[in-house]
Amino acid sequence: MLLAIEQGNTNSLFAVHDGETWIAQWRSATEPNRTADEYAVWLHQLLSMSGLDLGLLDACIISSVVPQSIFNLRNLSRRYLGAEPLVIGENAELGIPIRVAKPAEVGADRVVNALGAHIAYPGPLIVVDSGTATTIDVVAADGGFEGGAIAPGIHLSVEALHSAAAKLPRVALKKPQRVIGNDTVSAMQSGVFWGYIGLIEGMIARIQAERGEHMTVVATGGIAALFYAATAAIHHFDPDVTIRGLLEIYRRNNSSRP
């Protein structure tokens with residue numbers, strides 16, 4: 001029974017795999033100072049609600065872009081699962097080449113996404129992950145991670161408009177019916193939403209032109225479903241890219257286990 005933890009700057013995903021399929025998934029707000037004991041109490045309650053028990057879990061893999069949280073997540077695995085966790089960027093072999101100038105600086109989520117997309121889709125890929133940041137990454141046909149681009153996430157842009165401009169309100173993120181807004185709120189919603197569609201479409205076109213090849217575009221992340229429905233530039237919306245990558249890394253590092 002594997003506990004997979006994918007921790008972003010804003011949200012964290014905890015998922016349980018029983019060797020055959022994902023049987024439970026939960027999301028929580030990322031809190032860097034949450035202790036191992038607090039994680040255990042929270043996780044125990046959610047497992048109980050799903051008819052599971054914390055004692056059934058005996059393996060753990062962690063991908064986190066929040067360095068101060070890794071210590072507590074590692075202690076959660078050691079203390080309550082009795083297992084030394086695999087941590088992306090520390091003791092986990094990825095099995096794919098990282099073809100960038102400084103591999104150690106690449107975020108754990110980006111390389112996990114590269115593998116998770118590669119094993120599901122053939123050929124060269126562009127992976128768009130919409131979270132706190134919007135990452136647009138290139139995966140070669142052999143699965144190698146070859147860099148990409150990082151832009152502020154759409155929620156950061158909405159918050160920046162509200163915080164920096166005294167007369168602009170905080171608005172809900174939604175797809176506007178018209179590009180031309182007829183009041184402040186609709187104008188902001190149009191600028192943010194269609195502006196991000198333009199960013200994604202433009203970056204995809206420039207990456208493909210720079211590489212001189214057709215590439216399959218896979219989108220993942222919480223907001224990606226909204227973008228996928230609004231542009232033909234994204235070929236697939238796949239919310240399971242990251243946990244698929246984590247499971248594959250776990251299996252590659254524990255090939256002798258069932």
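One-based numbering along the sequence shown. Computation of the quantities below employed the complete heavy-atom set of this structure, encompassing side-chain atoms and omitting hydrogens, waters and symmetry-equivalent molecules.
- Taking the side chain as every heavy atom from C-beta outward, Val16 and Leu2 never approach each other to under 4.5 Å.
- At least one side-chain heavy atom of Asn253 sits less than 4.5 Å from a side-chain heavy atom of Ile249.
- Residue Ile136 is grouped with residue Val192 when hydrophobic side chains (ILVMFWY) are merged at heavy-atom distances under 4.5 angstrom, including chains of intermediate members.
- Once rounded to the nearest 0.5 Å, the distance linking CG of Leu57 with CG of Leu3 reads 5.5 Å.
- At distances below 3.5 Å, at least one donor-acceptor pair connects side-chain atoms of Thr220 with backbone N or O atoms of Asp238.
- Annotation: side chain of Asn113 is not in contact with side chain of Asp137 (no heavy-atom distance under 4.5 Å).
- The CD atom of Gln7 sits 9.5 Å away from atom CZ of Arg34, with the distance rounded to the nearest 0.5 Å.
- Heavy-atom minimum distance, Ile234 versus Ala219: CG2-CB, 3.6 Å.
- In this structure, Gln25 and Ile243 have side chains that are in contact, with non-hydrogen atoms separated by less than 4.5 Å.
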query: What do the steps show when you test Leu115 against Leu94 for side chain to side chain contact (heavy atoms under 4.5 Å, CB included), and what is the final call?
result: CA-CA 8 Å; Leu115 180 56; Leu94 304 179; 5.6 Å; no

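- Residues Thr30 and Ser12 bring a donor and an acceptor atom of their side chains to less than 3.5 Å of each other.
- At a threshold of 4.5 Å between non-hydrogen side-chain atoms, the residues Thr135 and Arg110 count as touching.
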task: Please report the C-alpha distance between Phe237 and Phe227 in whole Å, then the side-chain angles of each, then the deciding distance to 0.1 Å, and finally whether the side chain to side chain contact (heavy atoms under 4.5 Å, CB included) criterion is met.
output: CA-CA 9 Å; Phe237 167 63; Phe227 297 150; over 6 Å; no

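- Minimum heavy-atom separation, Pro85 to Arg74: CG-CG, 3.6 Å.
- Here Gln177 contributes atom CD and Ser186 contributes atom OG; the two are 11.5 Å apart, rounded to the nearest 0.5 Å.
- Using modelled atom types, one side-chain atom of Ser190 and one backbone atom of Val179 make a donor-acceptor pair closer than 3.5 Å.
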query: What's the verdict on salt bridge (charged side-chain N to carboxylate O under 4.0 Å, His left out) for Arg252 and Glu93, showing C-alpha distance, side-chain angles and the deciding distance?
result: CA-CA 8 Å; Arg252 292 183 179 190; Glu93 293 294 331; over 6 Å; no

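- Contact detail for Leu81 and Cys60: the closest heavy-atom pair is CD2-CB, 4.0 Å.
- Within a 6.0 Å radius of NE2 in His236, other residues, nucleotides and ligands contribute more than 12 heavy atoms.
- Atom CZ of Arg206 has 12 or fewer heavy atoms from other residues, nucleotides or ligands within 6.0 Å.
- In this structure, Ile5 CD1 and Ser63 OG are separated by 10.5 Å, a value rounded to the nearest 0.5 Å.
- By the criterion of side-chain heavy atoms lying less than 4.5 angstrom apart, applied directly or through intervening Ile, Leu, Val, Met, Phe, Trp or Tyr residues, Phe71 is not grouped with Val65; the two fall into different hydrophobic clusters.
- Between the side chains of Glu201 and Thr231, at least one donor N or O sits under 3.5 Å from an acceptor N or O.
- Under the 4.5 Å side-chain heavy-atom criterion for grouping Ile, Leu, Val, Met, Phe, Trp and Tyr, Val100 is not connected to Met215 through any hydrophobic cluster.
- Between Asn91 and Leu86, some side-chain heavy-atom pair lies under the 4.5 Å cut-off.
- For the 3.5 Å distance criterion, the side chains of Tyr80 and Asn75 fail to qualify, holding no donor opposite an acceptor.
- A side-chain donor-acceptor contact under 3.5 Å links His17 to the backbone of Gly19.
- Ser50 places no side-chain N or O within 3.5 Å of a backbone atom of Leu52 that could act as its donor or acceptor partner.
- Using the six-membered ring where Trp is involved, Tyr39 and Phe14 have ring planes that are tilted, between 30° and 60° apart.
- The closest donor-acceptor contact from the side chain of Asp58 to the backbone of Met1 lies under 3.5 Å.
- The nearest pair of heavy atoms linking Ala140 to Arg99 is CB-NH1, 3.7 Å.
- Between Glu248 and Arg244, no side-chain nitrogen of the basic residue sits less than 4.0 Å from a carboxylate oxygen of the acidic one, so the salt-bridge criterion is not met.
- More than 12 heavy atoms of other residues, nucleotides or ligands shown are found within 6.0 angstrom of CD on Gln68.
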- request: Begin from the C-alpha positions of Val87 and Ile70 and carry the test side chain to side chain contact (heavy atoms under 4.5 Å, CB included) through to its verdict.
  value: CA-CA 8 Å; Val87 181; Ile70 294 176; 4.1 Å; yes

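- His162 contributes a side-chain N or O that, together with a main-chain N or O of Leu168, makes up a donor-acceptor pair within less than 3.5 Å.
- In the model, Ser157 has a side-chain atom that pairs as donor or acceptor with a side-chain atom of Tyr196 under 3.5 Å.
- Considering CG of Asp109 and OG of Ser64, their distance stands at 9.0 Å, rounded to 0.5 Å.
- Relative ring orientation between His235 and His214 is described as tilted, the plane-to-plane angle lying within the 30° to 60° band.
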- prompt: Can you list the steps and then say if Leu13 with Thr242 is a side chain to side chain contact (heavy atoms under 4.5 Å, CB included)?
  reply: CA-CA 10 Å; Leu13 170 67; Thr242 306; over 6 Å; no

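- Contact check for Ile62 versus Leu246: no side-chain heavy atoms found under the 4.5 Å cut-off.
- In terms of heavy atoms, Ile88 sits closest to Ala108 at CG2-CB, 3.8 Å.
- The ring pair (Phe, Tyr, Trp, His ring centres under 6.0 Å) test applied to Trp194 returns no partner, not counting sequence neighbours.
- Taking a 4.5 Å side-chain heavy-atom cut-off between Ile, Leu, Val, Met, Phe, Trp and Tyr, the cluster of Val127 extends to Tyr121, Leu125, Val139, Val218, Val241.
- Under the 4.5 Å side-chain contact rule for hydrophobic residues, Leu46 and Val41 do not share a cluster.
- Rounded to the nearest 0.5 Å, atoms CG (Asp18) and CG (Leu56) are 10.5 Å apart.
- Across every non-hydrogen atom of Ala151 and Leu199, the tightest pair is CB-CD1, 4.1 Å.
- A 4.5 Å side-chain heavy-atom check between Val138 and Arg211 finds at least one atom pair inside the cut-off.
- No side-chain donor-acceptor contact under 3.5 Å links Thr35 and Asn72.
- Placement of Ile126 and Ile96 in two distinct hydrophobic clusters is found when ILVMFWY residues are connected by side-chain heavy-atom separations under 4.5 Å, directly or transitively.
- Listed for the Thr134 side chain is no donor-acceptor partner under 3.5 Å among the backbone atoms of Ser130.
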